[in-house]
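To start, the structure under review is shown below, and the notes come after it.
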Amino acid sequence: MAQKNENIWLITGSLVFLALVALCMVLQFTKVFLVPFIMACFVISMVSPLLDWQVLKLKIPRSLAVVLTLLVVVIVIAIVVVMVTGAVNSIIEVAGQYTDSFKAFTAKTAEILDNEKLKANGIDAEQILKDFGKKIPGFVTDTLGQIKSAAAFLFLLTIFIIFMISGRDPGTVRQGVLGEIDQKVRRFILTKMVSSAATGILVWVVLAIFKLQLAAVFGMLAFLLNFIPSIGSIIATLLPIPVAVAQYDSTMAITMVVVLPGCVQIVIGNFLEPKFLGQSMKLHPITILLALSFWGLLWQIVGMLLAVPITAIIRIIFMQFDMLRPAGELMAGNLEYLVGTSKEGKNWK
């Protein structure tokens, strides 16, 4: 009997694994349209209370309320596009200074380092610094160029939002699983917006204290990139380096404009944000890290942006089924539940 149960679980596990592989292939193949659709769902979850408030409280005709809500969404998207485009153009204008500044910086650093001693240990510090100086400017411009090319994605996102908000019934009250999903998604987006705003403001203040050029631009980019977990904070921390090298002669000043914003990113991104997001979404920090890795591998940067809310939705669905509930509890880090269930001798068939 035990052997038969083991065979059943082995077959079931194999089928589940093959189904997951097939699902990942479908998600990868359809990401061009699926990713904007999912993001549109999140946007609708945020703006739907505005539509309901206009219709139910202010007694505005539904058609006019839909138009006003869409106008708000379009204005917000346009503001983001203008901010990003302005930041990209501002940095590209000074990008020509990067190469010459890095050449001077690497030459100065090479004089400080004992190259002969390092080379004896197989380390060519001068060559490393030269390679670093060549790659950083290209990295900055390429990254910002990819951000600027997101216009097509925003256009498709806007189309989805228009159709979805037009078909929403303001009188519908979502309860149960859908209501919980709506609540969790709204709380996540609100928490992320607050933490991103705090990050952007603090980064701007720090860079402004050191009178760094484009301090406001880097603060705004820190705000936007903070919506991309992990990789966004790294990019935001590295972006000021070329401008700092072009502007400062002091190595200490260059170090401070990188280290201090980096500390802001670490404190908010690694301590405060996971704590609040983990509590609001009922996800363990390790679960969030694994979700970032999986969805980032599947949908790259956009996947990392959507990883936390999608994983939280999956957990909510898991908690509705007895067989999948242990997985949902594990995602929340409730190991006591799993141990207790095991000690009681229950099975999860």
Side-chain angles (χ1 to χ4, degrees), residues 39 42-43 46 72-98 136-155 157-158 188-248 253-254 256-270 272-273 277 300-302 304-306:
M39 291 199 69
F42 291 152
V43 173
M46 287 296 297
V72 171
V73 174
V74 171
I75 290 175
V76 171
I77 293 177
I79 291 175
V80 173
V81 172
V82 170
M83 291 173 62
V84 173
T85 304
V88 171
N89 292 333
S90 298
I91 293 182
I92 289 177
E93 288 177 0
V94 298
Q97 305 175 19
Y98 292 172
I136 287 294
F139 172 77
V140 172
T141 54
D142 290 345
T143 301
L144 296 177
Q146 293 177 5
I147 297 175
K148 196 174 182 179
S149 66
F153 173 83
L154 292 176
F155 174 77
L157 173 65
T158 304
F188 167 78
I189 296 177
L190 179 61
T191 303
K192 198 68 179 176
M193 289 181 64
V194 172
S195 64
S196 298
T199 301
I201 292 173
L202 290 175
V203 169
W204 168 64
V205 169
V206 169
L207 297 181
I209 290 175
F210 286 91
K211 298 181 180 180
L212 181 72
Q213 296 175 358
L214 305 176
V217 172
F218 290 125
M220 185 270 295
L221 289 177
F223 165 74
L224 295 176
L225 291 172
N226 194 65
F227 285 93
I228 304 174
S230 301
I231 189 173
S233 60
I234 296 175
I235 296 175
T237 303
L238 295 179
L239 282 179
I241 292 179
V243 176
V245 172
Q247 180 177 346
Y248 300 132
I254 298 174
M256 295 303 291
V257 298
V258 175
V259 172
L260 292 181
C263 292
V264 171
Q265 297 279 3
I266 290 174
V267 172
I268 295 179
N270 294 344
L272 299 180
E273 192 173 277
L277 286 181
Q300 289 75 50
I301 295 178
V302 179
M304 299 182 72
L305 176 64
L306 301 175

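These numbers come from a predicted model, not from an experiment.
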Could you measure the distance from the [atom1] atom of [X] to the [atom2] atom of [Y]? Nearest 0.5 Å is fine.
X: L214; Y: L221; atom1: CG; atom2: CG; value: 9.5 Å
X: I209; Y: L260; atom1: CD1; atom2: CG; value: 8.5 Å
X: S233; Y: L238; atom1: OG; atom2: CG; value: 9.5 Å

Checklist line | Qualifying side-chain hydrogen bond (donor to acceptor under 3.5 Å, both in side chains) pairs with a residue from residues 195-209, counting only residues at least two apart or across chains | finding: S195-E273, S196-N226
Just jot down the side chain to side chain contact (heavy atoms under 4.5 Å, CB included) partners of [X], sequence neighbours excluded, or say none.
X: V43; answer: V47, V73, I161
X: I201; answer: V205
X: A236; answer: A222, L225, Q265
X: V74; answer: T158

What are the two closest heavy atoms between [X] and [Y], and how far apart are they?
X: Y248; Y: K211; result: OH-C, 3.7 Å
X: Q213; Y: Q247; result: N-OE1, 2.8 Å
X: A244; Y: L212; result: CA-CD1, 3.7 Å

Check: Do the non-hydrogen side-chain atoms of V257 and F218 ever get within less than 4.5 Å of each other?
Finding: no
Next item on the list: Return the set of residues passing ring-ring contact (aromatic ring centres under 6.0 Å, His included) with F223 (not counting sequence neighbours), or none when no residue passes.
Entry: F227
